[in-house]
Protein chains: 2
Amino acid sequence: MTVRQDIHNSSAPVLCQACEARHRGICGALDPDQLVGLAKTSLRRRIRAGAELVGDAEAVDSYANILSGVVKLTKTLSDGRQQVVGLQFAPDFLGRPFKAESTISAEAATDLSLCSFPKAALERMMKEQPGLEHRLLRQTLRELDEAREWMVTLGRKTAAEKIASFLLLIAKNIDPARDPNARMAVFDLPLSRGDIADFLGLTIETVSRQLTKLRADGVIQIENNRHFVVENIARLEARSGS
Amino acid sequence: MTVRQDIHNSSAPVLCQACEARHRGICGALDPDQLVGLAKTSLRRRIRAGAELVGDAEAVDSYANILSGVVKLTKTLSDGRQQVVGLQFAPDFLGRPFKAESTISAEAATDLSLCSFPKAALERMMKEQPGLEHRLLRQTLRELDEAREWMVTLGRKTAAEKIASFLLLIAKNIDPARDPNARMAVFDLPLSRGDIADFLGLTIETVSRQLTKLRADGVIQIENNRHFVVENIARLEARSGS
DNA sequence: GAGGCCATTTGACCCAGATCAATGACGGCG
DNA sequence: CGCCGTCATTGATCTGGGTCAAATGGCCTC
């Protein structure tokens, strides 16, 4: 049987061979046969930054794994006020199972590479492979933890602490290969100042002023608006209020 | 087989017969045999308002279903600032699977009746009955939706809108038997002014002032600080900013 | 039913962050 | 190369909600 497994392993779809989602994402729950089955209906898509993936109250008939890039989840009040309620990075699963239409909208914050498949295909597979639902449950619980962490940031932190917390969040998530204990971080911000403001419950001006302050204090360096260097992550953490 | 099922049905543990969690909660996924199995290790507990159920960073070795009452989930920053990150009502499941220790603390907001069982018992049962994990996934997704909804409230609404949104949340959840379309609502607030402030990212004084304003405007009536009457829910909704 | 203990309300003032208004810095395009 | 359009920064001013302080009102005990 071990041999048989090996054969199967090597016969995993080429598409999936180098895929992050196959290891850390939900596809890790699938055996090679199932992987082949899902891959048959799946489709690799490239999406430009700014494109809307799912509109609010829009019916969705497909799910996807994020292969690279950042997705921004937002909710909008009737008068236009907007709140970013989550960011998703590779290899997160994208979609809201068991609901015909989404209550949030999803937008490509950066250029994106997705592996998408029909809603029905995944739901069929969930029935025959409980491990899939298990993976999904784990990701959902993690997202819930993150959302609650962010509620503290939104409800109780100052503007300066919010900005520091945000930069830490990005630094820690944008590069899947990054050493979690690294002392420094270099990254391109996936969000505009406006997006950051919507994420933190602030205005663009306040975001800008706080970033300027962090730079003036030597905690961060900024090049070309989007490229950030954090020499000493601990200094950011000290300002994050946690 | 139908007959056999019926026999099993009538042999469901007495404890579970009238239990809300058996229908709308996670126990709905269990067949009568499994229900008996879980009931053997389960324990009905009554808890006084104010008692701490789970401390932050405390190891937890049991889960529970809420049979009645309200549980307050909070997170606290190192300097004492506190944020209520969720409220749970009957028949919600209480606990964080797949994690040795909790990152939030749970407190009885009102007197509570719980049905608790050892962590190991549920995890064993989850392996033999995938439907259980399915129920858990559904509740977790719902909680995630709620958390994100609340992020909008925290990040983008005014104090007046926050208070109106909060009263709506309570009115709609505190009584499991309430008609969702009812035009009016009467309820006892499960939280103190301080708790409400911590839930909304406000101060006690602001909460009090906004409640006073709602009362002065005739939108709500308040008796004995905790007892609320909302004659016309639509008027509250109009002030909730959604 | 007097006194004490809280939770809540109310008032006066203040400040962090919003708002309004220029100004600066790119990058794309004719 | 110069003109826009977009995004970000910076400055001046305003204000919603915070802070500090005092009054009010239950409710409990004695």
Side-chain angles (χ1 to χ4, degrees), chain A residues 48-50 72 77 79-84 107 109-111 153-167 188-217 220-228 239 241, chain B residues 48-50 72 77 79-83 107 109-110 153-167 188-217 220-228 239 241:
Chain A
R48 286 266 151 233
K72 181 181 82 176
L77 296 176
D79 63 359
R81 281 174 289 176
Q82 201 172 52
Q83 175 70 42
V84 174
E107 189 181 312
T110 64
D111 285 354
T153 301
L154 286 172
R156 288 300 182 207
K157 291 190 185 174
T158 65
E161 290 167 342
K162 284 178 177 180
I163 291 288
S165 304
F166 169 74
L167 292 178
D188 281 304
L189 263 202
L191 302 184
S192 71
R193 300 293 188 270
D195 288 336
I196 300 174
D198 284 345
F199 193 24
L200 298 173
L202 299 171
T203 59
I204 291 181
E205 294 92 327
T206 301
V207 170
S208 179
R209 279 185 250 268
Q210 294 298 337
L211 286 176
T212 301
K213 182 154 197 307
L214 281 179
R215 187 174 39 185
D217 293 355
I220 59 174
Q221 289 148 255
I222 309 177
E223 285 154 35
N224 296 329
N225 287 340
R226 292 287 188 113
H227 189 74
F228 280 61
R239 287 164 181 251
Chain B
R48 284 266 151 234
K72 182 181 83 176
L77 296 176
D79 63 0
R81 279 175 289 176
Q82 200 172 51
Q83 176 69 43
E107 188 180 312
T110 64
T153 301
L154 285 173
R156 288 300 182 205
K157 291 191 185 174
T158 65
E161 290 168 343
K162 285 178 176 181
I163 292 287
S165 304
F166 168 74
L167 292 178
D188 281 305
L189 263 201
L191 302 184
S192 70
R193 301 293 188 269
D195 289 335
I196 300 172
D198 285 345
F199 193 22
L200 298 174
L202 298 170
T203 58
I204 291 181
E205 294 92 326
T206 300
V207 170
S208 178
R209 279 187 251 268
Q210 294 299 335
L211 287 175
T212 300
K213 182 153 195 311
L214 282 179
R215 187 174 38 184
D217 293 355
I220 59 174
Q221 290 148 254
I222 309 178
E223 286 155 33
N224 297 327
N225 286 338
R226 291 289 188 110
H227 190 74
F228 279 62
R239 288 166 180 248

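The shown structure was predicted, so the numbers you read here are calculated from the model rather than taken from an experiment. Chain naming here is simple, since letters A, B, ... match the order of the sequence lines and numbering starts at 1 in each.
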Chemist: Let me have a per-nucleotide readout for nucleotides 8-24 of chain D, 5' to 3', with B, S or -, counting only protein heavy atoms under 4.0 Å.
Modeler: SBBBB----SSBB----

Chemist: For Asn224(B) and dT8(C), give me the distance from atom CG to atom C1', rounded to whole Å.
Modeler: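 Computing the Asn224(B):CG to dT8(C):C1' distance gives 13 Å.
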
Chemist: Any side-chain heavy-atom pair from Gln82(A) and Leu77(A) closer than 4.5 angstrom?
Modeler: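 Gln82(A) does not reach Leu77(A) side chain to side chain.
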
Chemist: Find the distance Leu154(A):CG to dA16(C):P and express it as a whole number of Å.
Modeler: 20 Å

Chemist: Taking side chain as C-beta onward, heavy atoms only, is Thr206(B) less than 4.5 Å from Gln210(B)?
Modeler: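 A side-chain contact under 4.5 Å exists here.
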
Chemist: To the nearest Å, how far apart are Asp195(B) CG and dC6(C) C1'?
Modeler: 15 Å

Chemist: Heavy atoms, side chains only, cut-off 4.5 Å: are Arg81(A) and Glu161(B) in contact?
Modeler: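 Yes - at least one pair of side-chain heavy atoms lies under 4.5 Å apart.
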
Chemist: Do the non-hydrogen side-chain atoms of Phe166(B) and Thr153(B) ever get within less than 4.5 Å of each other?
Modeler: no

Chemist: Going through the distances and angles, do Leu167(A) and Leu189(A) end up as a side-chain contact (heavy atoms from CB on, under 4.5 Å)?
Modeler: CA-CA 9 Å; Leu167(A) 292 178; Leu189(A) 263 202; 4.3 Å; yes

Chemist: Between dT9(C) atom C1' and Ile196(B) atom CD1, what is the distance in whole Å?
Modeler: 14 Å

Chemist: Would you mind reading off the distance between His227(B) atom NE2 and dT8(C) atom C1', rounded to a whole angstrom?
Modeler: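 About 18 Å, once rounded to whole Å.
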
Chemist: At 10 degrees resolution, what angle do the end axes of the helix from dG1(C)-dC30(D) to dG30(C)-dC1(D) form when each is taken over five base pairs?
Modeler: 30°

Chemist: Can you find a pair of side-chain heavy atoms, one from Thr212(A) and one from Arg209(A), that are under 4.5 Å apart?
Modeler: no

Chemist: What is the minimum heavy-atom distance between Ile220(A) and Leu211(A), and which atoms define it?
Modeler: CD1-O, 3.9 Å

Chemist: Can Asp198(B) and Lys72(B) be counted as an ion pair, charged N to O under 4.0 angstrom?
Modeler: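 No, Asp198(B) and Lys72(B) are not salt-bridged.
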
